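All figures in this text were calculated on a predicted structure; none of them were measured in a lab.
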Amino acid sequence: CKEMFQLELLRLKPKRVLFLTGMKYAQDFLDLTHCSDSGDCVYNLGKVNYGFHKAQTVVSGNPRMFKRSELVKSILNEF
């Protein structure tokens, strides 16, 4: 999955990247070592360097654990 993610980033060069996985899974894709999933709805990681370009990156908590309207509003606010 990580290799596919890297290929998609290389080809698409998105301005924004959204992980709908929670921090636990996103940190593996982003090679983050000191992150904890504090139960927050959304985490704004700022511009993450993906090696060939930077993209505004937001990680949301697992969508099943939050009210949809609250989660969407929080994600949009972070971008």
Side-chain angles (χ1 to χ4, degrees):
C1 287
K2 188 173 180 178
E3 291 173 3
M4 180 66 83
F5 176 65
Q6 296 277 342
L7 289 172
E8 289 176 350
L9 289 172
L10 181 63
R11 177 158 174 110
L12 300 173
K13 293 180 177 56
K15 293 179 182 176
R16 296 175 198 89
V17 176
L18 172 62
F19 287 88
L20 293 171
T21 59
M23 192 57 80
K24 180 179 173 183
Y25 294 105
Q27 72 184 20
D28 293 336
F29 282 88
L30 299 172
D31 295 325
L32 301 174
T33 55
H34 293 38
C35 292
S36 63
D37 207 342
S38 63
D40 289 342
C41 184
V42 177
Y43 308 87
N44 184 342
L45 300 181
K47 288 208 176 226
V48 173
N49 186 351
Y50 290 101
F52 36 84
H53 84 290
K54 293 182 180 181
Q56 181 70 28
T57 304
V58 171
V59 180
S60 88
N62 186 321
R64 292 177 286 183
M65 301 186 68
F66 300 96
K67 265 181 78 174
R68 181 181 298 191
S69 60
E70 175 188 332
L71 184 62
V72 169
K73 183 177 177 181
S74 295
I75 289 169
L76 292 174
N77 285 336
E78 292 302 325
F79 276 121

Show the atom names and distances, to 0.1 Å, of all donor-acceptor pairs under 3.5 Å that link a side chain in residues 66-79 to residues at least two apart or in another chain.
{"residue": "Ser74", "atom": "OG", "partner": "Glu70", "partner atom": "O", "Å": "3.0"}
{"residue": "Asn77", "atom": "ND2", "partner": "Lys73", "partner atom": "O", "Å": "3.3"}
{"residue": "Glu78", "atom": "OE1", "partner": "Asn44", "partner atom": "ND2", "Å": "3.3"}

Please report, to 0.1 Å, the donor-acceptor pairs under 3.5 Å made by any side chain of residues 1-20, with sequence neighbours excluded.
{"residue": "Lys2", "atom": "NZ", "partner": "Asp28", "partner atom": "O", "Å": "3.4"}
{"residue": "Lys2", "atom": "NZ", "partner": "Asp31", "partner atom": "OD1", "Å": "2.5"}
{"residue": "Lys2", "atom": "NZ", "partner": "Asp31", "partner atom": "OD2", "Å": "3.3"}
{"residue": "Lys13", "atom": "NZ", "partner": "Leu10", "partner atom": "O", "Å": "2.8"}

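When the shell of 6.0 Å around OH of Tyr25 is examined, it contains 12 or fewer heavy atoms from other residues, nucleotides or ligands.
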Trace of the side chain to side chain contact (heavy atoms under 4.5 Å, CB included) decision for Leu30 with Tyr50:
CA-CA 8 Å; Leu30 299 172; Tyr50 290 101; 3.5 Å; yes
